[in-house]
Amino acid sequence: MDNATGWAIAAAAVGTLLLRVFPLIWMRHHLQQKSDVNAVENIPAWLSVLGPTMIAALLGVSLVPGHINASTVCATVVGSVATLLVWRWQKSLGWPIFSGVVVYGLVVYLGAYFL
Amino acid sequence: MRAHAFWKGVRDAVPLLGGYIPVGMSFGLIAVQAGFNVWIAVVMSLVIYAGASQFLFVAMLTSGAPLWLVIVMTLLINARHVVYGPNIAPWLTSSRWWPWMMHGLTDQIFALAHVRLPQMPEQERLGWFAGAALLAWISWIAGTAFGGIAGAELTQRWPMLESVLPFALPAMFLVLLTPRFTSRLWAVTLITTMLVAAILALAGIKNSAIPLGALCGALLFYVLKSTTRFEEVKYG
């Protein structure tokens, strides 16, 4: 690795850390100025809307298969339904995800033969 | 920091392994194929720790792009992280460790923390976050190392693993998002956000799809909220 690449990695690392840390420090300062008791109510309304929409956008992007074909699209739909059904039953985190991945894998596996 | 809270965090983050290890392996493999040493790829995963931007970093350097542009593009892709910290700030304690913990605040850890932190007692939050973030970080670094050392052989022997395990990520987001469908207003907002982000990703602008999709969703939320029709109906 030459020096320039090393500096580029260091700059990207420090920059990324600052992008993660500074907004938190700003918000903690903002909350301390307002009140310590009702912190949740004191976060700006737009920010509390942006949180769930960020998660929804992450879901939308991650649902797009890396290699799009009939098998992966079908597996995505069936795997998502399986995840939701197990979540309705268990209301937990681990089992619904595990079941979704297993069902997704099965559909991809079967799809390789039948589709 | 409480040990049981730490292990609870580790347990909650286990599903992330399905996404982090295969994608980390892909990164290690691609970095080595692009001419980087394995240990440089591992150092990148250790200190930058942001998936999409690491792939871009390697691709741009390999194509001979100027270093300043590589850094700017890396930071632009990671700019979406600016909303994560403030969103979980109300549930963080006064510990001085929190700013340092933010190195582990990836997309997935944010989604997990945004749902889990409000559900647990204040004294458990730091330990929980440390456990979840540490497992995710280690799995990303280990995945990179595996990929760099033996990625080509592993993906040749078990090609299905690379395509199947990453489904753990959308499955996790689905589980975290479903309880948010508390009213018609939120249902329309979240479904539209997902569709916009998916369409943008399909159009090939995967990195911008997350912030753009989220912004569209937030705008839609306020437009719908201003019409009384959407304020009334609430689900169970």
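A quick note: this is a predicted structure, and the numbers were derived from the prediction, not measured. Each chain gets a letter, A, B and so on, in the order its sequence line appears, and its residues count up from 1.
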For chain A, which candidate among [options] shows the most heavy-atom pairs at distances under 4.5 Å?
options                               : answer
B:Ile199, B:Val14, B:Leu190           : B:Leu190
B:Val83, B:Leu195, B:Val164           : B:Val164
B:Gly217, B:Cys216, B:Gly213, B:Pro99 : B:Pro99
B:Thr74, B:Val43, B:Asp107            : B:Asp107
B:Asp12, B:Thr189, B:Val72            : B:Asp12
B:Leu92, B:Ile77, B:Thr178            : B:Thr178

Do the ring centers of B:Phe129 and B:Trp98 come within less than 6.0 Å of each other?
-> yes

Quick check, are the ring centers of B:Phe221 and B:Trp186 under 6.0 angstrom apart?
-> yes

Of the backbone (N, CA, C, O) and the side chain (C-beta and beyond), which part of [X] lies under 4.5 Å from a heavy atom of chain B, both, or neither?
X        : answer
A:Leu17  : side chain
A:Tyr109 : both
A:Ile68  : side chain
A:Thr76  : both

Answer with side chain, backbone, both or neither: which region of [X] has an atom nearer than 4.5 Å to a non-hydrogen atom of chain A?
X        : answer
B:Leu61  : side chain
B:Leu112 : side chain
B:Val70  : neither
B:Leu176 : side chain
B:Arg80  : both
B:Val175 : both
B:Leu67  : side chain
B:Ile210 : both

Whether the side chain of [X] engages the backbone of [Y] through a donor-acceptor N/O pair (distance < 3.5 Å, no angle test) should be reported.
X        : Y        : result
B:Arg125 : B:Met120 : yes
B:Trp137 : B:Leu46  : yes
B:Ser45  : B:Val42  : no
A:Asn69  : A:Ser71  : yes
B:Tyr49  : B:His103 : no

Give the member of [options] that has the highest number of heavy-atom pairs under 4.5 Å with chain B.
options                             : answer
A:Gly51, A:Pro65, A:Ser99, A:Ala75  : A:Gly51
A:Thr83, A:Leu84, A:Leu58           : A:Leu58
A:Gly66, A:Ala11, A:Ser80, A:Gly15  : A:Ser80
A:Ile97, A:Leu50, A:Leu63, A:Val101 : A:Ile97

Step by step, work out the side-chain contact (heavy atoms from CB on, under 4.5 Å) result for A:Trp46 and A:Val49.
-> CA-CA 5 Å; A:Trp46 60 269; A:Val49 174; 5.7 Å; no

Check whether more than 12 heavy atoms from other residues, nucleotides or ligands sit under 6.0 Å from atom CZ of B:Phe55, and answer yes or no.
-> yes

Distance-only side-chain donor-acceptor flag, B:Trp140 / B:Gln54, under 3.5 Å = yes

Taking all heavy atoms of B:Ala198 and all of A:Gly60, pick out the closest pair and write down the distance.
-> CB-O, 3.5 Å

For B:Leu169 and B:Gly19, work out which heavy atoms get closest and say how close.
-> CG-CA, 3.8 Å

For A:Trp89, what residues pass the side chain to side chain contact (heavy atoms under 4.5 Å, CB included) criterion, not counting sequence neighbours?
-> A:Val86

